[in-house]
Amino acid sequence: MNKLKEEFLNTDLVKRIQSLEKIIDNNPTLNEKLNSLKDLQKKMVNAKEFNQINQYKAYKEEYDKLYAEILEFPFVEEYLELLEQANNILLDICYIIENKINKELK
């Protein structure tokens, strides 16, 4: 398992994500916008959970506007795409591990 983790962390994909994260961390404006985006995501989840439709729509509108502003930074779209790719790889790995465990348990 540690070997698999180490191999994943040494891929070009993860290295590029890490280099983009350094750029993001050194940009206070972008960092602030990303934190605000995360906060809005939480608010949207809560509003949806408590069936506050109007509040959800207001948060969603604010979220979409802020997301568009964030995408104006030249490397952010690439960063988000790479994160999605990495997430999909991790989901595939989890699926493979789960299947192997299930086969062993049968």
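Below, each value reflects all heavy atoms present in this structure, side chains not excepted, and no hydrogens, waters or symmetry copies.
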(request) Flag the pair Asp12 and Arg16 as a salt bridge only when some basic side-chain nitrogen lies within less than 4.0 angstrom of an acidic carboxylate oxygen. (result) no
(request) Report yes or no: do Leu40 and Phe50 belong to one cluster of Ile/Leu/Val/Met/Phe/Trp/Tyr joined by side chain heavy-atom distances under 4.5 Å? (result) no
(request) Return yes when atom CD of Gln85 has more than 12 non-hydrogen atoms of other residues, nucleotides or ligands closer than 6.0 Å, and no otherwise. (result) yes
(request) With rounding to the nearest 0.5 Å, note down the distance linking CD in Gln41 to OH in Tyr63. (result) 4.0 Å
(message) Applying a strict under-4.5 Å side-chain criterion to I, L, V, M, F, W and Y, I'd like to know whether Val45 and Leu34 cluster together.
(response) no
(message) So, taking the atom named CD in Glu6 and the one named CG in Leu4, what distance separates them when rounded to the nearest 0.5 Å?
(response) 10.5 Å
(request) Report yes if some heavy atom in the side chain of Asn31 is under 4.5 Å from a heavy atom in the side chain of Asn26; otherwise report no. (result) no
(request) Could you state whether Leu83 and Leu91 fall into the same hydrophobic cluster, counting links through intermediate Ile, Leu, Val, Met, Phe, Trp or Tyr residues with side-chain heavy atoms under 4.5 angstrom apart? (result) no
(message) If I take atom CG from residue Leu71 and atom CD from residue Glu69, how far apart are they, to the nearest 0.5 angstrom?
(response) 10.5 Å
(request) I would like to know whether Asn35 and Glu32 meet side-chain contact (heavy atoms from CB on, under 4.5 Å); could you show each step before the answer? (result) CA-CA 5 Å; Asn35 286 331; Glu32 181 182 324; 5.8 Å; no
(message) Is there a side-chain contact between Ile89 and Ile93 in this structure, where contact means two heavy atoms from C-beta onward sitting under 4.5 Å apart?
(response) yes
(message) Would a single hydrophobic cluster contain both Ile96 and Leu9, if residues Ile, Leu, Val, Met, Phe, Trp and Tyr are joined by side-chain heavy-atom contacts under 4.5 Å?
(response) no
(message) My understanding is that only residues two or more places apart in sequence, or in another chain, count here; which of them pass salt bridge (Lys or Arg N to Asp or Glu O under 4.0 Å) with Glu62?
(response) none
(message) Measuring from atom CE of Met44 to atom CG of Leu37, what distance do you get when rounded to the nearest 0.5 angstrom?
(response) 9.0 Å
(message) Does Tyr67 have more than 12 heavy atoms from other residues, nucleotides or ligands lying within 6.0 Å of its OH?
(response) no
(request) First locate atom NZ of Lys5, then atom CG of Asn10, and finally report the distance between them rounded to the nearest 0.5 Å. (result) 11.5 Å
(request) Taking salt bridge (Lys or Arg N to Asp or Glu O under 4.0 Å) as the test, write out the residues that go with Asp25, two or more places apart. (result) none
(request) Return yes when atom CG of Asn87 has more than 12 non-hydrogen atoms of other residues, nucleotides or ligands closer than 6.0 Å, and no otherwise. (result) yes
(request) Just grab all the side-chain hydrogen bond (donor to acceptor under 3.5 Å, both in side chains) pairs involving residues 45-55, residues at least two apart or on different chains. (result) Gln55-Tyr59
(message) Donor-acceptor pair, distance only, cut-off 3.5 Å: does the side chain of Asn27 make one with the backbone of Ile23?
(response) no
(message) Counting only heavy atoms not in Glu104 (residues, nucleotides, ligands), do more than 12 fall under 6.0 Å from its CD?
(response) no
(request) Could you check Lys33, Lys65, Glu77 and say which one makes a side chain to side chain contact (heavy atoms under 4.5 Å, CB included) with Ile70? (result) Lys33
(message) Less than 4.5 Å apart, side chain to side chain, heavy atoms only: is that true for Glu84 and Leu80?
(response) no
(request) Output the distance between atom CD (Glu78) and atom CD1 (Ile17), rounded to the nearest 0.5 Å. (result) 9.5 Å
